[in-house]
Amino acid sequence: MSLEQGIFNRTQLLLGTDIMEQIAQKRVIIFGVGGVGSWCAESLVRSGIRHLTIVDSDRVCITNINRQLMATMKTVGQVKVEALKEHLLTINPTAEIEALQQIFSEETAEGFHIETYDYIIDAIDSLKDKRLLIELACRTKAGFFSSMGAALKLDPTRIKVAEFWKVQGCPLARALRQRFNKLKCRPARKFLCVYSDELLENKGKNATCGSEKCMCPKAKIGPGDAALLNHEWCSSKAQINGSLMHITAIFGMTISGLVIKNIVEKSQKRNADKEKESHS
């Protein structure tokens, strides 16, 4: 038995050899590997995805430890995608993980060649960049899934999946739709989103953590990262909201589940079509 056969023995029991081979062939790219994207990456690799590209510009901050997979006291200060890659390779050493410390934006979008992937996953925080990724991803033939806002949530039973234009109770989805309407354009096709209609309020004071490990660009004590001075994760900015791991992880794993489910359903449809042809 090969290494991968051992790793995915239980998965193969459920899905079968043919499906596992298809999962192993798919190329997936995740934009944003924070509280949602990091857990999505973990789930995908544990489910048999071998070709995974992870994109994020940040370094691990001490304030990430409460919810992000690769964030520990040992990894604070490390490049997020590199720390996550190292972890994912401890799960499946034969996986091909490409780690890109970059920001997805209008200036960089073309360089990612998203049209070459089988699945594109949006776990971006920036409203402007998120809207752009949605627009461009929907022009491709790739499967596309998007995470809406996972902050200010507590109740895991309120996490849902819906088509983008049918998402209700999510301020981020509403803001995205307003931006599309303002630009007088719409995504070229429908796509599923993970979201929650719960909306709580911050009860704590929003500020830098004050730790010597703080990576916030405006940190007065920690090392900071001046290259990311204008990046939205900066913990001293007013729009930062509280979030919990069990919510962000469920968001990420739900998206992973949608990817695997889509692969299975497409395979079943192909087999059904072949069977029809053989009887015609």
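The structure displayed is predicted, hence computed values, not measured ones.
Between W165 and P187, some side-chain heavy-atom pair lies under the 4.5 Å cut-off. Side-chain atoms of R174 and Q178, non-hydrogen and from C-beta on, do get closer than 4.5 Å to each other. Side chains of R67 and H246 form no contact here, defined as non-hydrogen atoms less than 4.5 Å apart. Proximity of C193 to K166: side-chain heavy atoms (C-beta onward) are nowhere separated by under 4.5 Å. Contact check for Q101 versus D56: no side-chain heavy atoms found under the 4.5 Å cut-off.
Taking a cutoff of 4.0 Å between a charged side-chain nitrogen and a carboxylate oxygen, R50 and E4 qualify as a salt bridge. Salt-bridge annotation for E265 and K269: absent, with no side-chain N of the basic residue lying under 4.0 Å from a carboxylate O of the acidic one. Contact check on K160 versus D197 returns a salt bridge, with a Lys/Arg side-chain nitrogen under 4.0 Å from an Asp/Glu carboxylate oxygen.
Using the six-membered ring where Trp is involved, F164 and F180 have ring planes that are perpendicular, over 60° apart on the 30 and 60° scheme.
Remark: the Q22 side chain and the K266 side chain contain no N/O donor-acceptor pair separated by less than 3.5 Å. Judged by distance alone, the side chains of H51 and E98 never bring a donor and an acceptor atom under 3.5 Å apart.
At least one donor-acceptor pair under 3.5 Å links the side chain of K153 to the backbone N or O of S196. Without hydrogens or angle criteria, T75 side chain to M70 main chain gives a donor-acceptor distance under 3.5 Å. A side-chain donor-acceptor contact under 3.5 Å links D118 to the backbone of R27. Judged purely by atom type and a 3.5 angstrom limit, T116 uses its side chain to pair as donor or acceptor with the backbone of H113. Put simply, the side chain of R158 never gets that close to the backbone of L154: no donor and acceptor are under 3.5 Å apart. Looking only at distances, no side-chain donor or acceptor of K26 sits under 3.5 Å from a matching main-chain atom of L52. In this structure, the side chain of S47 engages the main chain of S43 through a donor-acceptor pair within 3.5 Å. Here the side chain of N202 pairs no donor or acceptor atom with the backbone of N241 at under 3.5 angstrom. In terms of modelled atom types and a separation under 3.5 Å, the side chain of N64 and the main chain of V60 share no donor-acceptor contact. In this structure a side-chain-to-backbone donor-acceptor pair under 3.5 Å is missing from R59 to Q78.
Considering I255, I159, V194, L244 as possible partners of I250, the one that fulfils the side-chain contact (heavy atoms from CB on, under 4.5 Å) test is I159. Of the candidates V81, I29, L44, I121, I54 forms a side-chain contact (heavy atoms from CB on, under 4.5 Å) with just one, namely V81.
The ring pair (Phe, Tyr, Trp, His ring centres under 6.0 Å) contacts involving residues 23-49 comprise F31-F104, F31-F112, where partners must be two or more places apart or lie in separate chains.
Counted within 6.0 Å of CD on E163, heavy atoms from surrounding residues, nucleotides or ligands total more than 12; the atom is thus considered enclosed. Dense packing is recorded around CD of Q102, with more than 12 heavy atoms of other residues, nucleotides or ligands lying under 6.0 Å away. In E106, the CD atom is not crowded: 12 or fewer heavy atoms of neighbouring residues, nucleotides or ligands sit closer than 6.0 Å.
Minimum heavy-atom separation, V161 to T254: CG2-CG2, 3.7 Å. Residues A137 and R189 come closest through the heavy atom pair O-NH2, 3.1 Å. Across every non-hydrogen atom of L84 and S38, the tightest pair is CD2-CA, 4.1 Å.
Remark: R270 CZ to D18 CG distance equals 10.0 Å, nearest 0.5 Å. In this structure, the separation between OH on Y119 and CG on N262 is 3.5 Å, given to the nearest 0.5 Å. Put simply, NZ on K80 and CG on D58 are 4.5 Å apart, with the number rounded to the nearest 0.5 Å. From L176, atom CG reaches atom CE of M148 across 5.5 Å, with rounding to the nearest 0.5 Å. Rounded to the nearest 0.5 angstrom, Q12 CD and R10 CZ are separated by 10.5 Å.
A chain of hydrophobic side-chain contacts below 4.5 Å, direct or via other Ile, Leu, Val, Met, Phe, Trp or Tyr residues, connects L14 to V45.
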